[in-house]
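Here the structure is laid out as structure tokens; the discussion comes afterwards.
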Amino acid sequence: MAGPTQHEDFGEKIGGAKKDLWQGRGLYADDLDGMNSREADKYIKKDNVWKKPDYQALVDGGLPVDVVYFIKVARDALPAAPQYTRSDDTPEKRLARQKQYVDTVRQVQEVVEKAQSKADALAAFETCMIGGGWFEWVQPGASGRYASPTQAGRENTAITNKLTKALFFRTERNYQWDIVEKAQKAQFGVPKEDKVPKGYEVKYHDGQNSWSKDDSWKPATWFVAKGRQIIKTNFDTKADALKWVQEFAKQRGANAKQRFVPEQLASIRRDGPDYRRGRDATGHDYLDAFDFKGGEFGNWMSQNDRRASLNMGFDALKDLADALKISDRDISYGGALSIAFGARGGGNAVAHYEPLRQVINLTKMRGAGSLAHEWWHGLDDFMGQKLGVDGMLSDNPHKHPLMKKLVDTIKYKPETLEQATERTA
């Protein structure tokens, strides 16, 4: 007797899923060879090349606060993404620019993260910019030398004035101003529980040059201020004042918007047509019936999860095709669409559509009820591509009169005679 069907990924490999990515180590230039142009535009970012360090952990580990702040300033000074020029007008030139960006970020990271002292930070410009061939020392004569960008530096769009300024300190006094004092002002490296909330100050009252109604403000106490306004006085200790202002600021921000998370569906009972005639759907059914490009499952999904997802998804897609009066094979936009179950989303996501790979992802039970919604996003993207739009067609409705009519219908409601009369009155 044959065992139960094992449900595995089907069709072409979609690629780009979290389980296949470089997320643990960060991007290297060689990783770009496996990306298409849309993925490159999304993923080639500084945060994916040089992972944001845990600055507080570095301070807690014993690295001087000013050195950690220097690392942060240098990293922040790098462009967030590749910067292109007008001459980068072919896919090959854009790829070369992207690889140059990744290599540059990596080289700066290698130098900066090795800094252990103020001396290392002061030497970073020499090591990185001069040693990297992007700048050179020029000897003008009696006035002393200065740094000038080389041809390689001028042609590298990641080498900006902001980055140069972040790495270059003419004197130790400049380092004191730009790094040490700014770190202190920003409370950089101060544990969260010891930080004064942004915009507030905790100060000591020495009894000099002050006034209060009925002389109620006691000297040798601490007080809380915001801007030029004194909010509360007469704290015996700085710790008392800090605790009070932290709670005060927290209460002031208590009305911030909360993220809406729909309730998870407890059960799903189908009362529509029995398309599967009582049998379980398989990945091959998705390929044969709908012409999907491919499909995949998250590694954490059990075979029961996969079976249930395939069955419910198959029925839903058949219902969708029937409701839209299109053929089953039109569901995949002519074989361009892929589908994933629990393979590509975050824990809080219900479902999403990825334009980069043209794939719909549904999470386990939380994705129930979202398939048609995400399918529309895919169709919107597909139509945008067909009409040469950079993005969704609904974001550029003027490109097609029917889309403009649809968007207007969604946004605007015709005024009734009664409403017009009331408005006129």
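Here the structure is a predicted model, which means the values were calculated and not measured. Note: hydrogens, waters and symmetry copies are ignored here, and every other heavy atom, side chains too, is used. All residue numbers refer to positions in the sequence shown, counting from 1.
- Look at Lys114 and Glu110 and you find a salt bridge, because one of the NZ, NE, NH1 or NH2 atoms lies within 4.0 Å of a carboxylate O, short of that distance.
- The OG1 atom of Thr160 sits 7.5 Å away from atom NZ of Lys162, with the distance rounded to the nearest 0.5 Å.
- The residues Asp41 and Arg94 are annotated as salt-bridged, a charged nitrogen and a carboxylate oxygen being separated by less than 4.0 angstrom.
- Nearest approach of Ala281 to Phe314, heavy atoms of both residues: CB-CB, 4.0 Å.
- Phe125 pairs in a ring pair (Phe, Tyr, Trp, His ring centres under 6.0 Å) with only one of the listed residues (Phe168, Tyr175, Phe70, Phe169), which is Phe168.
- Side-chain N or O atoms of Gln83 include one that pairs as donor or acceptor with a backbone N or O of Ala81 at under 3.5 Å.
- Taking all atoms of both residues into account, the shortest heavy-atom contact from Ile331 to Leu337 is O-CD2, 3.8 Å.
- Note on ring orientation: taking the six-membered ring where Trp is involved, the planes of Trp244 and Phe248 are parallel (angle under 30°, cut-offs 30° and 60°).
- A salt bridge links Lys404 with Asp408: the closest approach of a Lys/Arg side-chain nitrogen to an acidic carboxylate oxygen falls below 4.0 angstrom.
- Side-chain contact between Gln385 and Arg38 is present, with at least one heavy-atom pair separated by less than 4.5 Å.
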Apply side chain to side chain contact (heavy atoms under 4.5 Å, CB included) to Asp274 and Arg276, showing your working.
CA-CA 6 Å; Asp274 183 10; Arg276 295 178 282 108; 4.3 Å; yes
Side chain to side chain contact (heavy atoms under 4.5 Å, CB included) between Leu242 and Glu193, intermediate numbers included
CA-CA 9 Å; Leu242 178 61; Glu193 61 272 16; over 6 Å; no
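- When all heavy atoms of Thr171 and Asn174 are compared, the closest pair comes out as OG1-OD1, 2.8 Å.
- Side-chain atoms of Arg106 never come within 3.5 Å of backbone atoms of Trp50 as a donor-acceptor pair (strictly under, hydrogens ignored).
- Residue Lys405 places its NZ atom among 12 or fewer non-hydrogen atoms of other residues, nucleotides or ligands, all under 6.0 Å distant.
- Side chain of Asp103 to main chain of Gln100: no donor-acceptor pair is present (N/O by atom type, distance under 3.5 Å, no hydrogens or angles).
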Stepwise side chain to side chain donor-acceptor pair (under 3.5 Å) check, Asn161 with Thr164:
CA-CA 5 Å; Asn161 289 335; Thr164 303; 5.1 Å; no
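- Checking Arg173 against Gln176 by side-chain atom types alone, no donor-acceptor pair falls below 3.5 Å.
- Counting heavy-atom neighbours within 6.0 Å of Gln56 CD, excluding the residue itself, gives a total above 12.
- Residues Leu324 and Trp375 are in side-chain contact: their nearest non-hydrogen atoms beyond the backbone lie under 4.5 Å apart.
- Side-chain atoms of Lys182 and Asp178, non-hydrogen and from C-beta on, do get closer than 4.5 Å to each other.
- The two residues Asp66 and Ile179 make their nearest non-hydrogen contact at O-CG2, 3.2 Å.
- For the pair Asp76 and Lys52, the salt-bridge criterion is not met [side-chain N within less than 4.0 Å of a carboxylate O].
- Within the 3.5 Å criterion, the main-chain N or O of Lys46 finds a donor-acceptor partner in the side chain of Tyr101.
- No side-chain donor-acceptor contact under 3.5 Å links Tyr55 to the backbone of Ile71.
- Nearest heavy-atom pair, Leu167 versus Ala124, reported as atom, atom and distance to 0.1 Å: CD2-CB, 4.5 Å.
- Ion pair Arg306/Asp280 not flagged as a salt bridge, since none of the NZ, NE, NH1 or NH2 atoms sits closer than 4.0 Å to an Asp/Glu carboxylate oxygen.
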Atom pairs and distances, side-chain donor-acceptor, residues 126-136, under 3.5 Å, sequence neighbours left out:
| unit_1 | atom_1 | unit_2 | atom_2 | d |
| --- | --- | --- | --- | --- |
| Glu126 | OE1 | Trp137 | NE1 | 2.8 |
| Thr127 | OG1 | Ala123 | O | 3.1 |

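- The cationic group of Lys203 does not satisfy the cation-pi geometry with Phe223, failing either the under 6.0 Å distance to the six-membered ring centre or the 45° limit from the ring axis.
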Determine, step by step, whether Lys99 and Asp33 satisfy the salt bridge (Lys or Arg N to Asp or Glu O under 4.0 Å) criterion, reporting the C-alpha distance in whole Å, the side-chain angles of both residues, the deciding distance to 0.1 Å, and the verdict.
CA-CA 10 Å; Lys99 289 189 173 185; Asp33 295 330; 2.8 Å; yes
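- Note: Met383 CE to Asn396 CG = 12.0 Å, rounded to the nearest 0.5 Å.
- Atom CE of Met35 and atom CG of Leu95 lie 10.5 Å apart (nearest 0.5 Å).
- Side-chain contact check for Tyr200 versus Ile231: some heavy-atom pair is nearer than 4.5 Å.
- Counting only heavy atoms from C-beta outward, the side chains of Asn48 and Lys51 approach each other to under 4.5 Å.
- Tyr353 has its side chain within reach of Met392: a pair of non-hydrogen atoms, C-beta onward, lies under 4.5 Å apart.
- The number of heavy-atom neighbours closer than 6.0 Å to NZ of Lys195, taken from other residues, nucleotides and ligands shown, is above 12.
- Under the 3.5 Å distance criterion, the side-chain polar atoms of Asp31 are left unmatched by any main-chain donor or acceptor of Leu27.
- Interatomic distance, NE2 of His352 versus CD1 of Ile360, reported as 10.0 Å (0.5 Å rounding).
- Separation of atoms CZ (Phe292) and OG (Ser332) is listed at 6.5 Å; rounding is to 0.5 Å.
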Could you go step by step and tell me if Glu354 and Glu374 meet the side chain to side chain contact (heavy atoms under 4.5 Å, CB included) rule?
CA-CA 9 Å; Glu354 293 181 25; Glu374 300 306 330; over 6 Å; no
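- Contact annotation: the side chain of Asn36 approaches that of Glu39 to within less than 4.5 Å [non-hydrogen atoms, C-beta and beyond].
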Going through the distances and angles, do Trp222 and Asp240 end up as a side chain to side chain contact (heavy atoms under 4.5 Å, CB included)?
CA-CA 8 Å; Trp222 295 82; Asp240 291 339; over 6 Å; no
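- No option in Asp285, Asp319, Asp328 other than Asp319 meets the side-chain hydrogen bond (donor to acceptor under 3.5 Å, both in side chains) test with Tyr275.
- When all heavy atoms of Val59 and Gly189 are compared, the pair lying nearest together is CG1-O, 4.0 Å.
- No more than 12 heavy atoms of other residues, nucleotides or ligands lie within 6.0 Å of NZ in Lys293, so this atom counts as exposed by the packing criterion.
- Considering only heavy atoms from C-beta on, Glu201 stays 4.5 Å or farther from Val196 through its side chain.
- Here Tyr333 contributes atom OH and Leu379 contributes atom CG; the two are 5.5 Å apart, rounded to the nearest 0.5 Å.
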Chi angles and distances behind the salt bridge (Lys or Arg N to Asp or Glu O under 4.0 Å) call for Asp47, Arg75
CA-CA 10 Å; Asp47 288 345; Arg75 184 183 181 277; 2.6 Å; yes
